[in-house]
There are 2 protein chains.
Amino acid sequence: MKAVNIKDIARIAGVGVATVSRVINHHPDVKEETRQHILQIIEEYKYIPNNSARYLKRSESNDVGIIIKGIYNPLFAEMMQKIERILSQVGYTVMLHHHMDMAIRDMDVAQEFVKEKRLKGLICLGGDFEDVQTEEVKRMNVPMILTSALQNEALDRKVYSSVGINNEVAAFEIVNYLCMTGHQKIGIITTGEHDQSIGGRRTQGYMRALSTHGIAKVDERFEVGDYTFESAYLAMKRLLVKAPDLTAVFAISDIMAIGAARAIHEVGKSIPKDIALAGFDDIDYAAYYDPPLTTVKQPLETLSETTAELMIALLEDRSEHEHVMLPTTLKIRKTT
Amino acid sequence: MKAVNIKDIARIAGVGVATVSRVINHHPDVKEETRQHILQIIEEYKYIPNNSARYLKRSESNDVGIIIKGIYNPLFAEMMQKIERILSQVGYTVMLHHHMDMAIRDMDVAQEFVKEKRLKGLICLGGDFEDVQTEEVKRMNVPMILTSALQNEALDRKVYSSVGINNEVAAFEIVNYLCMTGHQKIGIITTGEHDQSIGGRRTQGYMRALSTHGIAKVDERFEVGDYTFESAYLAMKRLLVKAPDLTAVFAISDIMAIGAARAIHEVGKSIPKDIALAGFDDIDYAAYYDPPLTTVKQPLETLSETTAELMIALLEDRSEHEHVMLPTTLKIRKTT
DNA sequence: CTTAATATTGGAAACGTTTTCGGTAACGTT
DNA sequence: AACGTTACCGAAAACGTTTCCAATATTAAG
């Protein structure tokens with residue numbers, strides 16, 4: 001059961017394959033009459049061009065890849081879908097690549113992905129690109145956008161784009177707010193990664209806010225989780241015994257804030273009366289949590305749109321590489 | 001900056017292209033010495049075979065498509081990622097196709113997607129396949145799995161696989177539970193679709209439970225939303241005025257249950273004391289909501305695994321088409 | 001009616017693989 | 001020494017397109 005190909009169509013229509021190719025590619029040099037005739041045959045035989053052959057001939061694809069690294073993050077999944085929607089509207093297909101293997105360099109998987117699939121562009125959601133060489137990304141030879149990813153300072157900013165938020169500043173703002181409302185003993189539930197990570201940056205913001213208000217760092221107020229409810233629940237339980245005098249807690253993700261809330265309720269304390277609680281991300285759920293969670297909003301929609309549109313512009317050569325930093329906004333709700 | 005190809009490698013290694021092809025495809029008929037030599041050259045020149053050419057020649061790809069239809073559903077996003085993970089472990093790449101266009105038949109987009117991309121298999125997450133013809137899916141000629149999708153009864157079950165849950169039964173069980181605990185006036189927040197939809201089936205389960213307990217249907221206790229917090233919040237507000245004597249509400253998704261909870265709290269009523277609340281899905285948040293939400297658990301993990309593994313088996317011709325119905329489990333928590 | 005210009009068209013080469021088919025080399029057997 | 005095996009290898013023909021180039025058909029101009 002062989003599929004019908006361009007030659008079949010040409011034969012049936014009584015024209016050359018070149019002509020058929022022209023009509024499917026919307027070239028102007030075809031008589032209207034011929035075009036209609038061919039179009040009709042194509043319709044009738046349900047001919048669909050073979051993408052492999054086209055891509056081979058043109059030595060490129062219409063595909064852009066999205067790489068997501070690490071543990072499952074609902075935010076990324078959502079962003080990916082939004083990006084896909086925009087890209088597909090202008091004819092691109094997105095290929096997904098999710099990998100958990102922390103031992104492999106992000107750049108290695110990126111390179112292989114791009115070359116093997118002949119991708120036209122690459123979007124990395126999250127991940128860290130600590131040790132990437134400028135040469136490496138140049139060699140890939142397709143536009144790359146790092147969205148919500150950590151960026152290596154040494155990397156030449158002309159060779160890639162990025163879109164994200166300023167994690168340090170955003171974290172600063174929310175714990176600054178906590179300080180302003182009178183809190184002195186503020187705990188943090190962060191992640192155990194190194195400084196150059198999302199969690200690391202947010203932790204830095206937390207510390208800067210503290211020192212701005214003349215509050216000394218106290219180790220007992222630190223705990224780590226891994227972005228899951230469960231880990232934060234456990235972390236909060238530890239915090240509650242290590243630092244029983246806490247009046248506020250900043251969790252570096254909403255998920256973790258909610259996990260922490262459970263631990264707080266469990267010991268009979270109330271939020272925000274006994275302990276104030278702040279999160280980060282503003283996931284959909286945050287506003288509907290009870291009580292509604294104070295948090296800092298990541299502009300998910302804008303993040304995705306900007307990424308997708310920048311990619312399209314880059315692909316169409318309408319733009320140089322850019323680095324856009326989107327503003328976050330404080331969402332003061334009922335947990336503080 | 002042309003990429004290095006198989007001919008280059010052959011030339012450099014001083015062998016024929018056939019030999020190089022043999023080593024990259026792990027054919028046995030190559031002397032170990034030659035193989036090593038070629039492998040080394042490949043490594044040195046960072047040669048990666050051109051997929052378009054391979055696919056063209058073999059007239060197939062290693063890609064399987066996932067189609068998601070309709071409004072954003074975090075459950076599907078999560079499932080997709082899990083499926084991707086398993087499939088990629090055995091060498092497949094997944095291509096994503098999300099479409100919102102309700103006017104187009106699912107089967108049409110499926111067909112085009114498969115043919116155009118030369119997909120080896122197709123997974124549909126959600127969507128409805130009401131008017132699909134057996135012939136149509138046969139013609140696609142690749143294994144198709146409908147996961148959490150509605151199935152057309154007229155469709156020959158030998159030509160496709162499905163994995164899902166029994167929505168009617170699951171809904172029955174949870175509202176049956178509500179009845180057993182003494183509730184008589186039970187509202188529902190469902191979706192406005194036709195009977196042959198996820199929402200429709202769950203509504204049927206609700207009604208069957210009611211009639212089993214001799215409770216008459218009363219129209220004022222019905223409201224519709226669209227799977228969002230907001231819509232359910234609004235729906236619940238309406239319910240509260242239309243049917244002020246309600247003692248329990250069943251929302252056909254957890255998201256909607258949580259949206260409804262906000263409306264309930266807003267009028268000063270408490271859950272579950274004044275009104276009991278039940279959801280559906282058991283999304284991660286459900287257990288961490290305050291109070292933890294009673295719901296019915298969809299076996300997300302198993303659903304994804306089953307789908308992925310069935311697809312692999314189908315692709316390797318190790319299995320016939322199957323229809324698996326996974327069990328749901330009641331999660332009785334604190335809202336009832 | 002010729003000629004020049006222009007609008008359409010088809011042939012064929014190329015894109016980078018895989019695979020068939022036959023060929024050479026090396027070896028063990030008589 | 002001649003032969004049959006076996007192991008290994010290369011040439012070349014596909015796969016289904018796109019596109020350059022030359023060829024033909026059509027129209028405009030003179």
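Each chain gets a letter, A, B and so on, in the order its sequence line appears, and its residues count up from 1.
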Would you say B:Asn5 reaches C:dG16's phosphate, i.e. side-chain N/O to OP1/OP2 under 4.0 Å? yes

Which of D:dT18, C:dG16, C:dT18 is nearest the side chain of B:Arg54? It is C:dT18

Mind listing the N/O atom pairs, protein and nucleotides 12-14 of chain C, below 3.5 Å?
| from | atom 1 | to | atom 2 | distance (Å) |
| --- | --- | --- | --- | --- |
| C:dA14 | N3 | A:Lys57 | NZ | 2.9 |

Round to the nearest Å and state the distance from B:Ile9 atom CD1 to C:dG16 atom C1'. 13 Å

Roughly how many Å is it from NE2 in A:His37 to P in C:dT8, rounded to a whole number? 17 Å

Rounded to the nearest angstrom, tell me the gap between atom CD1 in B:Ile6 and atom P in C:dC15. 15 Å

Go through the structure and list residues passing salt bridge (charged side-chain N to carboxylate O under 4.0 Å, His left out) with B:Arg35, not counting sequence neighbours. B:Glu32

Among all residues two or more places apart in sequence or in another chain, which pass the salt bridge (charged side-chain N to carboxylate O under 4.0 Å, His left out) test with A:Glu136? A:Arg105

Near-strand residues of residues 21-30 of chain B, defined as heavy-atom separation under 4.0 angstrom from DNA chain D: B:Arg22, B:Asp29, B:Val30

Less than 4.0 Å between a side-chain N and a carboxylate O, is that true for B:Lys120 and B:Asp63? no

Within this structure, what is the CD1-to-C1' distance between B:Ile38 and D:dC8, rounded to whole angstrom? 11 Å

Listed once per pair and sorted, the salt bridge (charged side-chain N to carboxylate O under 4.0 Å, His left out) pairs that draw on residues 153-165 of chain A, sequence neighbours left out: none

Whole-Å distance separating the OH atom of B:Tyr55 from the P atom of C:dT19: 14 Å

Apply ring pair (Phe, Tyr, Trp, His ring centres under 6.0 Å) to A:Tyr160 and list each qualifying residue two or more places apart in sequence or on a separate chain. A:His323

Counting just side-chain N and O atoms, does A:Tyr47 come under 4.0 Å of either OP1 or OP2 of D:dT17? yes

Under 4.0 Å: is that the gap between some side-chain N or O of A:Thr19 and OP1 or OP2 of C:dT9? no

Quantify the bending of the helix from C:dC1-D:dG30 to C:dT30-D:dA1 as the angle between its end axes, each fitted on five pairs, to 10°. 50°

So what does A:Thr34 hit on the nucleic acid, given a heavy-atom distance under 4.0 Å: a base, only sugar-phosphate, or nothing? sugar-phosphate

So, do A:Ile68 and B:Gln81 sit near enough that their side-chain heavy atoms are less than 4.5 Å apart? yes

Whole-Å distance separating the NZ atom of B:Lys7 from the C1' atom of D:dG10: 14 Å

Hey, can you pull the donor-acceptor pairs under 3.5 Å for the side chains in residues 40-49 of chain B, sequence neighbours left out?
none

Whole angstrom value for the distance that separates P of D:dT17 from CZ of A:Arg11: 13 Å

Can you run down the side chain to side chain donor-acceptor pair (under 3.5 Å) pairs that involve residues 10-29 of chain B, sequence neighbours left out, and say none if there aren't any? B:Asp8-B:Arg11, B:Ser21-B:Asn25, B:Asn25-B:Arg54

If you assign each of B:Arg118 and B:Lys31 to its closest nucleotide in DNA chain D, which residue comes earlier from the 5' end? B:Lys31

Got a sec, which pairs hit salt bridge (charged side-chain N to carboxylate O under 4.0 Å, His left out) with one end in residues 301-312 of chain B, sequence neighbours left out? B:Lys82-B:Glu301

With a cut-off of 6.0 Å (strictly less than), are more than 12 heavy atoms of other residues, nucleotides or ligands near CD of A:Glu316? yes

Any idea which of D:dT17, C:dT9, C:dT17 is nearest the B:Ala53 side chain? C:dT17

For A:Ser52, all residues meeting side-chain hydrogen bond (donor to acceptor under 3.5 Å, both in side chains), sequence neighbours excluded: none

Report, one line per pair, each donor and acceptor closer than 3.5 Å where one atom sits in a side chain of residues 86-97 of chain B; sequence neighbours left out.
| from | atom 1 | to | atom 2 | distance (Å) |
| --- | --- | --- | --- | --- |
| B:Ser88 | OG | B:Glu84 | O | 3.2 |
| B:Ser88 | OG | B:Arg85 | O | 3.1 |
| B:Thr93 | OG1 | A:Lys117 | NZ | 2.7 |

In whole angstroms, how far is the C1' atom of D:dT18 from the CG atom of A:Asn50? 13 Å

